[in-house]
Structure formats: C-alpha cells, structure tokens
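This is a predicted model, so every value here is computed, not measured.
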Amino acid sequence: MAMSLCLAATVIGIVWLFLILFSLVWNGVPHLSLSTFIEQTPPPGEQDGGLANAIFGTLLMTVIGVGIGAPIGILAGTYLAEYGRYEKLSPTVRFINDILLSAPSIIIGLFIYGAVVVPMKHFSALAGSLALAVIVIPVVVRTTEDMLSLVPNTLREAASALGLPRAHVVWHVSYRAARSGIITGVLLAVARIAGETAPLLFTAFSNNFWSSNLLKPMASLPATINTFINTPDTNMKQLAWTGALLITVAVLTLNIAARALSNSKHDK
Amino acid sequence: MSVSEHRVSLLAQSAADRAKVLVSMATGDRIFSTVTRVCAYGVLLLLAGIMLSLVIGAWPAIQAFGLEFLVTRRWAPQLDEPVLGALAPIYGTLLTSFIAMIIAVPFGLGVAIFLTELCPIPLRRPIRVAIELLAGVPSIIYGMWGFFVLGPFLAQHVEPAIVWAVQDIPVLNTIFGAEVISNISLFNASLILAIMILPFITAIAVDVFGTVPPVLKESAYGIGCTTWEVVKNVVIPFTRVGLVGGIMLALGRALGETMAVTFIIGNSFQIDGSIFSPGTTISAAIASEFAESSDVHRAALMYLGLLLFILTFIVLAAARLMLARLDKRAGA
C-alpha cells in the first residue's frame, strides 16, 4: 500500500516535468522563427520583433561571469584539495562555500547592487556579470575540490618523487586527471547562471535595444521574460514563451552535456 | 681547449642551468600556492562582503525602524514619513515555505524510496535523470508556468470546490476562505515552490539512502521483513540525520526562492489568515519593488534582504552540520 503511494509520487513527479516542457513547447514553438534571433525586443503594441539583443546579452554576461568566476573557483578549489587540504582554515572555507552555494540569488543581486552599482551610480552589464560570477564561484569550488580529491594520491607521490615542485604536480598530474570533472563543474555553473533572473534585475537591469557596452544596462533573456510576462501585450507574452523555451532548452542541453561528460569519465 | 676542459665547462654550465630552473620552479610554486590561497580566502571575504554590503545598504532603515521593523505589520512607502514593517513578508515567506515543505517532503521521500527500493533497475537511471533535470529548470520558468498555466487552472477548477466544501466549518473556512478567487495566492505560490524543491529533496534522499550498508537491509529482508518494513525500520532510522539535513537544505532553497513566487503571489502586504488570498514574501517584495524604490524604502528592502540572508544562513548552516555528521558516520 505505502509502496504504491511511492510509485504514485514518482509518476506525479515525472508528470510535472512533462507538463512544464509540454506547455513550453506548445506556447513557445509557434512564435519561433528567424526573426526571434535577428530582431530587437519590441515596444508594447507592435506585432513583430524578436529577442536578439536579449540573447546576445545573456550570452555575453554568462561568458564574462564564467570567465571571472570559473578561474577563481578552480584556484580556490585547488587550494582546498591540494595545498590546504589539512589546514586549519580550510574546513571553514568549505563550510562557508557550501552556504554560499545555496544562498538565495536575489541576495547576491543586492550585494552587487551595493558593491558595484551604487559606487558606479548606474546599472551596468558589468555588474550583472559580476553577480553571475559570484554565483559561479561556489559551484566551481565545490566540484573542483571534489574532483581533485578523487585523484589518487599515488599519482601525486610518483610525480613528487621525480622531484617536481607542487605547482607542476598540480598542473600536469592532478588537473589532467580531473579535467573532465572540472569541466563538468564549469558546465553546471553555466547552466545555473544562464537562467538566473533575480541577480540581474537590479544589476544589469534591462533595455530594449542592441547594446554591447559593458558599462550600460543590458537586456538578458530572463530579465526580458520577467518584464514581458507582466505586460498585457499578447505579442510580448508570446515572445516571453519563446524566450522561456530557448532558455530551458539551453539549460537542459548543458545539464545533459555535463552529465554525459562525467559519465564517459566513469566508464573509462 | 682539451676534451676534459670542455666537459668541465659543460658541467659547470648545466649546474648553473639546473640551479636556475630550480629557482624558477620554486618561485612558480610559491606564486601558484599564494594565488590559490588568496582565492580560497576570497570565499570568506565574499561572505563578509555580502554581510557588509547588506548592512550598509540597510543602515538608514535600521536606524529609522530598529527591531520594531520585525513586528510592524504596515507597509506604506508612499507616505511622507514612510511606515515600513517586515511582518507581512516574513509571514508570507514562512507560510509558503511551510506549505511547500508539507507537500514536497512526503512526495520527495516517496520518489526516493521508489527509486532506491522498488524501481526496476533499467528504469532507475532515466527516472533519476528526469527528476534531476527538473531541478535544473530555471526558476523563472516555474514562475511563468505557475502564472499562465497552474494558477488559472487552480482558480477555476480546484479552489472554488475547496472553498465551497469548507464554508461552514470554523477555522477551516478562514484558512481556505476567499471572497474572490484569483490566479494569484499564497497557496499557488506554495505549490510552485513544492514542485521546485521536490527534485532537491529526492536527489538528496537518494544519496542519503545510498549510505545504508546493504548488509543491514539484507538481514532485515532475511528475517522476513516486507519492503515497507525495511524502509520504515532500517533505512529511515539509519539515515534520519541526513534526511533532516537534506530537508533543511531544501527549506533554505524555498525560503529564498524569488522568481518562482514573484508572479503568482501578488506582492500584497496583508495578513488575513487565508492561504487563498494574495500575499508576499521577502524575496518577492524585493524583486517587485526594488527598482522603483528610493531612500528609506530602498534601505528597508535591503533590511529585508539582510533578514532573509540571516534566516537562510541559519537554516543552511544547520543543514550542512547535519549532513556533515552523516558523512562522518558513513566514513567511519
């Protein structure tokens, strides 16, 4: 009896996933066309328009966010796994990192607002990228440390016995052995920030035209969806569904890619 | 130059090269270890920076309202002398998270039990991946889906029936009462939150159930226990600490979730005891009002953010400590 309840729970859990995917495809696909990718976001009342500037903004800010966050995260993870594995402060760093990992993303937005937007006196794509970087760091620290800890110590000892300094052991032995795991972590971090909305609302803000200036507000897919959902304009609502479909497909693809990568490693 | 002289000079040169290489390697090592150390301590600085930035941003509101902020029910930023209190968003945050947990915990554990004990092995991986993908869907998608699909459905087909069924029962007709049933309500927000945290609970529970030594389960089956008895008497007692830790991790997630609830909670600062009326949460209030706020209003939203951060910090810290205890036991 209780066991059939468990089965029912599983079925319902999976049905949700398909219901959500189904409504995304149902509402998002009809409006999907070439103009989605090449036209700017429309003002209310217009009948066409696309999401080109929002897609560009998301790509740019995600790349910069990962570009800043991933190296810092990898280096910090390296310290926790290699140099400072048994140091006194390391457990504290791990603990704080785990908490930052699940800290509400809107708090990160407030933090960057106070630390970057207020001193600069205006919203900017740079602030948005930094907020995303702050979200990337704990994810990458965690996976890097976990993956480096899986590298057998005998490998490190063998390299050290040849007289290699620690930095070379890390670069040429540990990193090489843990490479696919570390890349998986970075991919998961990309998947995590690509759909983040809350930290962008008051850092990168949004706009309605093409902009590649990092010091100016910049549109992003999630922030655009957020604005368009709240309008009465049907065309904009349609675009919001299309944007939601794009972002979900991108995030799910990244997740599946990361999973495939880590599996191919386990199979070896 | 004789051959032996040549050899001596070569040796001297290679010794000098060797020394040079060793020095450069040692320097490189020192630089690399310092850089990694700085990055690791940077994580601590990040936490300090977040705290500091929130406190500085909230300072005008902390000065103006003090701790009374926590118990003030009114939220009137438009007045000349704004009166701002956090009671309504705190109430909304705690209530939606509570309802979401009530729904999601049994479901999540049910799925985890199914996956670890009952599911045919070839199906295990696909189902687990599907549930984990559900965790990867960005929260704004949940919010949007709740706003356009789930909210209207509940308001048209489910909630009127519940309101009608309990209209003459005291207490229940307050909790489930509503004069106007709309697409936006605390209950809808809670349901979306529950769908969001279900995969987290499942994923953690599956991991935690995996720490039960097979010998324990096998001996229980060996003395004739049914699957349910094994789960109830062996698996769950053995993993209790880890389960509570995992559930609190999901709670931390629910408390701070923003985009999934902002659209369908209505951002209305009222406390009327009904879960079918609109309300607000801390994060929804910040997301809806921050961009248009100024001065004390903005500082008060920062103050809300600070409260949320402290609240989630405590919950997450407790969760991590519990999970760490389980790890220690599994390692021992």
Enquirer: Of the backbone (N, CA, C, O) and the side chain (C-beta and beyond), which part of A:V170 lies under 4.5 Å from a heavy atom of chain B, both, or neither?
Expert: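 A:V170 touches chain B through side-chain heavy atoms alone.
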Enquirer: Identify which part of B:L22 has an atom lying under 4.5 Å from any heavy atom of chain A, answering side chain, backbone, both or neither.
Expert: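 Contact with chain A is absent: no heavy atom of B:L22 under 4.5 Å.
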Enquirer: Distance-only, no hydrogens or angles: does the A:S149 side chain make a donor-acceptor pair with backbone N or O of A:A81 under 3.5 Å?
Expert: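 Pair absent, no side-chain N/O of A:S149 close to backbone of A:A81.
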Enquirer: Is there a donor-acceptor pair closer than 3.5 Å between any side-chain N or O of B:R124 and the backbone N or O of B:C119?
Expert: yes
Enquirer: Parallel, tilted or perpendicular for A:W241 and B:F148, by the 30°/60° rule?
Expert: tilted
Enquirer: Short question: side chain of A:T203, backbone of A:A131 - any donor-acceptor pair under 3.5 Å?
Expert: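 Between the backbone of A:A131 and the side chain of A:T203 there is no qualifying donor-acceptor contact (under 3.5 Å).
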Enquirer: Report the option among B:D29, B:L46, B:I56 that has the most heavy-atom pairs separated by less than 4.5 Å from atoms of chain A.
Expert: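 Most pairs with chain A among the choices: B:D29.
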Enquirer: Examine whether an atom of A:F123 lies under 4.5 Å from a heavy atom of chain B, and if so say whether it belongs to the side chain, the backbone or both; otherwise answer neither.
Expert: neither
Enquirer: What part of A:V93 lies closer than 4.5 angstrom to a heavy atom of chain B: side chain, backbone, both or neither?
Expert: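 When you check distances to chain B, atoms from both the backbone and side chain of A:V93 fall under 4.5 Å.
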Enquirer: Parallel, tilted or perpendicular: which describes the rings of A:Y175 and B:F32, with under 30° parallel and over 60° perpendicular?
Expert: perpendicular
Enquirer: Mind telling me whether A:Y79 and A:Y83 have parallel, tilted or perpendicular rings, with 30° and 60° as the class edges?
Expert: parallel
Enquirer: Output the option from B:F313, B:W228, B:F147, B:F263 having the highest count of non-hydrogen pairs under 4.5 Å with chain A.
Expert: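 The candidate making the most pairs under 4.5 Å is B:F263.
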Enquirer: Please rank B:V38, B:T258, B:V35 by heavy-atom pairs under 4.5 Å with chain A and give me the top one.
Expert: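 Heavy-atom pair counts peak at B:T258.
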Enquirer: For each of A:G163, A:G84, A:S90, A:A167, tally heavy-atom pairs with chain B at distances under 4.5 Å, and name the one with the top tally.
Expert: A:A167
Enquirer: Go through the atoms of A:L100 and report whether side chain, backbone, both or neither lie under 4.5 Å from a heavy atom of chain B.
Expert: side chain
Enquirer: A:Y113 vs B:F290 aromatic rings, parallel, tilted or perpendicular, using cut-offs 30° and 60°?
Expert: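 Judged by the thresholds at 30° and 60°, the geometry between A:Y113 and B:F290 is perpendicular.
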Enquirer: Out of B:L134, B:T227, B:T202, which one racks up the most heavy-atom pairs below 4.5 Å with chain A?
Expert: B:L134
Enquirer: Examine distances only and state if a side-chain atom of A:N97 and a backbone atom of A:P138 form a donor-acceptor pair shorter than 3.5 Å.
Expert: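 Yes: the side chain of A:N97 pairs with the backbone of A:P138.
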Enquirer: So which part of A:E82 gets closer than 4.5 Å to some heavy atom of chain B, the side chain, the backbone, both or neither?
Expert: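 Interface part for A:E82: neither.
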Enquirer: Picking from B:I282, B:L198, B:I195, which has the most non-hydrogen pairs under 4.5 angstrom with chain A?
Expert: B:I195
Enquirer: Do A:S174 and A:R156 pair up side chain to side chain, a donor and an acceptor below 3.5 Å, judged on atom types alone?
Expert: yes
Enquirer: Side chain, backbone, both or neither: which part of A:L21 has a heavy atom under 4.5 Å from chain B?
Expert: neither
Enquirer: Quick one: of A:I229, A:T78, A:T248, who has the most non-hydrogen atom pairs under 4.5 Å with chain B?
Expert: A:I229
Enquirer: Could you check whether A:D146 pairs with A:R94 (Lys NZ or Arg NE/NH1/NH2 to Asp/Glu carboxylate O, under 4.0 Å)?
Expert: no
Enquirer: Which bit of A:A240 comes within less than 4.5 Å of chain B, counting heavy atoms only: side chain, backbone, both or neither?
Expert: both
Enquirer: Only pairs of heavy atoms separated by less than 4.5 Å count here; which of B:I131, B:L308, B:V137 has the most with chain A?
Expert: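 Top option by heavy-atom pairs under 4.5 Å: B:L308.
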